[in-house]
S.K.: 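Take a look at this one; I'll ask things after.
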Amino acid sequence: MGVPDYILRMRRHVGHELLWLPSVSAVVRNDAGELLLGQRSDDGRWSVISGFVEPGEQPATAVVREVEEETGVRVEPVRLSSVVSHPHTYPNGDRCEYLNLGFHCRLLSGFARVNDDESLAVRWFPMDALPELDAHARLVIGRALDPDEAAWYLPAGRSWDDLTVVG
């Protein structure tokens with residue numbers, strides 16, 4: 001689906017200036033324990049499947065929609081696993097600060113395939129052979145797969161710059 005119309009309209013007014021946007025990310029594994037990742041068309045990096053929450057849309061609905069739109073895979077959110085804001089600058093210079101809700105999702109059906117223009121590739125990866133991932137993707141994956149099922153967030157007074165994510 002790409003960038004929603006309401007964001008394109010805002011960009012006409014603010015150019016590349018910072019936008020605060022709600023987003024969701026999905027951590028999905030198949031029966032073999034492999035992780036679903038997409039290779040982004042804007043910068044070529046591999047990442048968890050993520051996207052915007054549309055106005056009036058609930059985050060759990062957004063994560064289901066995003067995964068199906070981008071990969072053809074149907075999922076069910078199992079739990080909210082992380083809540084974090086993080087900065088992102090796109091190759092065209094657009095700057096965003098995302099309030100991202102990470103969800104651990106259960107695979108329901110479908111075969112992973114590129115299903116829109118947001119991904120160059122979509123693939124299941126064994127957990128011991130993941131491609132290079134940015135700090136946000138590593139954090140979302142780590143929290144979703146952590147046996148502690150409490151939703152994770154940065155403690156009050158901390159910022160993204162204070163965070164060290166390993167893996």
Side-chain angles (χ1 to χ4, degrees), residues 1-4 21-53 59-60 62-149 151-154 159-167:
M1 176 177 165
V3 179
L21 298 169
S23 67
V24 291
S25 294
V27 174
V28 184
R29 292 198 300 176
N30 63 17
D31 291 341
E34 298 169 316
L35 185 68
L36 180 63
L37 298 175
Q39 186 179 26
R40 299 171 55 99
S41 62
D42 60 358
D43 63 10
R45 294 182 60 99
W46 287 94
S47 188
V48 291
I49 307 304
S50 300
F52 300 108
V53 179
V63 78
V64 169
R65 175 185 53 76
E66 284 292 340
V67 172
E68 189 163 10
E69 280 179 1
E70 293 183 24
T71 71
V73 170
R74 291 191 57 244
V75 299
E76 174 185 39
V78 175
R79 69 180 177 90
L80 178 66
S81 52
S82 60
V83 178
V84 67
S85 70
H86 71 98
H88 187 81
T89 301
Y90 287 90
N92 71 354
D94 286 354
R95 294 176 42 235
C96 299
E97 177 83 18
Y98 287 108
L99 175 59
N100 183 263
L101 305 174
F103 286 89
H104 187 187
C105 296
R106 177 178 24 257
L107 173 64
L108 296 178
S109 64
F111 299 95
R113 68 187 188 290
V114 173
N115 210 36
D116 66 9
D117 61 356
E118 293 181 52
S119 299
L120 298 173
V122 174
R123 207 173 116 200
W124 297 99
F125 284 89
M127 292 301 295
D128 61 355
L130 297 178
E132 182 180 336
L133 298 167
D134 68 17
H136 178 257
R138 292 191 316 269
L139 176 121
V140 170
I141 293 165
R143 296 315 307 165
L145 301 180
D146 192 305
D148 177 2
E149 293 191 355
W152 182 89
Y153 54 89
L154 272 169
S159 74
W160 183 257
D161 294 334
D162 298 332
L163 186 63
T164 301
V165 180
V166 295

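Only this structure's heavy atoms are used, side chains among them; waters, hydrogens and symmetry mates stay out.
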S.K.: Let me confirm one number: the CZ-CD distance from F125 to E34, rounded to the nearest 0.5 Å.
M.R.: 10.0 Å
S.K.: Please confirm whether the backbone N or O of R40 pairs with a side-chain atom of R45, one donor and one acceptor, at under 3.5 Å?
M.R.: no
S.K.: How far does NE2 of H104 sit from CD of E149, to the nearest 0.5 angstrom?
M.R.: 9.0 Å
S.K.: Can you see which heavy atom on D43 is nearest to which on P91, and at what distance?
M.R.: CB-CG, 4.1 Å
S.K.: Return the minimal non-hydrogen interatomic distance between V63 and P77, and the atom names on each side.
M.R.: CG1-CG, 3.7 Å
S.K.: Does the side chain of M127 come within less than 4.5 Å of R29's, by heavy atoms?
M.R.: yes
S.K.: A side-chain contact here means heavy atoms from C-beta on lying under 4.5 Å apart; do L101 and V83 qualify?
M.R.: yes
S.K.: CG/L35 to CD1/I49 distance, rounded to the nearest 0.5 angstrom?
M.R.: 9.0 Å
S.K.: Please confirm whether the backbone N or O of L99 pairs with a side-chain atom of S85, one donor and one acceptor, at under 3.5 Å?
M.R.: no
S.K.: Do F103 and L80 have side-chain heavy atoms sitting under 4.5 Å apart?
M.R.: yes
S.K.: Rounded to the nearest 0.5 Å, what's the gap from CG on L120 to CG on D42? Could you check?
M.R.: 8.5 Å
S.K.: Do V122 and R113 touch side chain to side chain, with heavy atoms closer than 4.5 Å?
M.R.: no
S.K.: Which pair of non-hydrogen atoms, one from S50 and one from E66, has the smallest distance, and what is that distance?
M.R.: O-OE1, 3.6 Å
S.K.: Can you tell if the side chain of L133 reaches within under 4.5 Å of the side chain of L37, non-hydrogen atoms only?
M.R.: yes
S.K.: Could you note down all residue pairs passing side chain to side chain donor-acceptor pair (under 3.5 Å) where residues 124-133 supplies at least one of them, sequence neighbours left out?
M.R.: none
S.K.: Set out, in order, the CA-CA distance, both residues' side-chain angles and the distance that settles side-chain contact (heavy atoms from CB on, under 4.5 Å) for L130 and W46, then state yes or no.
M.R.: CA-CA 9 Å; L130 297 178; W46 287 94; over 6 Å; no
S.K.: Looking at A26 and V48, what are the two nearest heavy atoms and their distance?
M.R.: O-CB, 3.6 Å
S.K.: Quick one: closest heavy-atom pair of V140 and S82, and the distance?
M.R.: CG2-OG, 4.0 Å
S.K.: According to side chain to side chain donor-acceptor pair (under 3.5 Å), does anything in residues 71-81 pair up with another residue at least two apart or in another chain? List the pairs.
M.R.: E76-R106
S.K.: Minimum heavy-atom separation for L21 and C96, please, with both atom names.
M.R.: CD1-SG, 3.7 Å
S.K.: Just how far is it from atom CD of E68 to atom OG of S109, taken to the nearest 0.5 Å?
M.R.: 7.5 Å
S.K.: Hey, can you tell me if Y98 and Y90 have their rings parallel, tilted or perpendicular (30° and 60° cut-offs)?
M.R.: perpendicular
S.K.: For the OG atom of S23 and the NE2 atom of H136, what is their distance to the nearest 0.5 Å?
M.R.: 6.0 Å
S.K.: State, with a plain yes or no, whether a side-chain heavy atom of H88 is found less than 4.5 Å away from one of D94.
M.R.: no
S.K.: Within a strict 4.5 Å, meaning less than it, do heavy atoms of the V67 and C105 side chains meet?
M.R.: no
